[in-house]
Amino acid sequence: MGLFDSLNETTDKATDIGEEYINTSREYFKLKLFKQLATTVSFISKYIIYAMLTMLVLIFISVSAALAIGRAIGSQAYGFLIVGGLLLVLLIIAILLSKKIDDSIVKKLSKKFF
């Protein structure tokens with residue numbers, strides 16, 4: 001019976017080691033997922049804050065530029081129209097470049113995520 005007891009003990013050890021490996025792997029993947037999630041949320045949060053502050057800066061600069069142009073040409077309305085037209089041109093350029101922007105974002109995020 002010594003052989004069967006030894007074989008049984010070895011099988012029990014192998015089973016225990018296998019279960020320990022699975023549990024350790026599960027914990028590792030949980031931590032890795034948590035790290036990726038935290039990095040992604042941090043990345044998105046920072047860029048939302050940057051976008052909001054950039055919008056505020058753009059608004060103040062646009063209003064100031066429109067007022068300055070309006071005073072220079074003698075018509076506030078034309079000053080605001082000129083600035084609005086420039087912003088519209090920038091919007092059109094951004095829309096035309098949106099595919100390149102999307103590709104760039106996907107590449108950067110894939111490097112961080114994978």
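Note that these values count all heavy atoms, side chains included, but never hydrogens, waters or copies made by symmetry.
Once rounded to the nearest 0.5 Å, the distance linking CD1 of I44 with CD1 of I49 reads 12.5 Å. Here CG of L88 is found 10.0 Å from CD1 of I93. Values are rounded to the nearest 0.5 Å. To the nearest 0.5 Å, the span separating CG on L87 from CD1 on I82 amounts to 12.0 Å. From F43, atom CZ reaches atom CD1 of I48 across 10.5 Å, with rounding to the nearest 0.5 Å. For the atom pair OG of S64 and CD1 of I61, the computed distance is 7.5 Å after rounding to the nearest 0.5 Å. The distance from the CG atom of L81 to the OH atom of Y78 is 8.0 Å, given to the nearest 0.5 Å.
Cluster annotation: L86 is not connected to F80 through the hydrophobic network of ILVMFWY side chains, with a link wherever side-chain heavy atoms come within less than 4.5 Å. Transitive grouping of hydrophobic side chains (ILVMFWY, heavy atoms separated by less than 4.5 Å) keeps M55 and L53 in distinct clusters. When hydrophobic clusters are built by joining Ile, Leu, Val, Met, Phe, Trp and Tyr residues whose side-chain heavy atoms come closer than 4.5 Å, directly or via intermediates, I101 is not grouped with I95. By the criterion of side-chain heavy atoms lying less than 4.5 angstrom apart, applied directly or through intervening Ile, Leu, Val, Met, Phe, Trp or Tyr residues, I73 is not grouped with L67; the two fall into different hydrophobic clusters. Side-chain heavy atoms closer than 4.5 Å link hydrophobic residues (I, L, V, M, F, W, Y) into clusters, and following such links, possibly through other members, connects L90 to I69.
Although no hydrogens or angles enter the test, the distance criterion places a donor-acceptor pair under 3.5 Å between the side chain of T39 and the main chain of K35. A donor-acceptor pair is defined here as one N or O able to donate and one able to accept, closer than 3.5 Å; such a pair exists between the side chain of T40 and the backbone of Q36.
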**Request:** Test D103 against K99 for salt bridge (Lys or Arg N to Asp or Glu O under 4.0 Å), laying out the working first.
**Result:** CA-CA 6 Å; D103 291 344; K99 179 68 175 160; 3.8 Å; yes

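Looking only at side-chain heavy atoms (C-beta outward), I22 and R26 come within less than 4.5 Å of each other.
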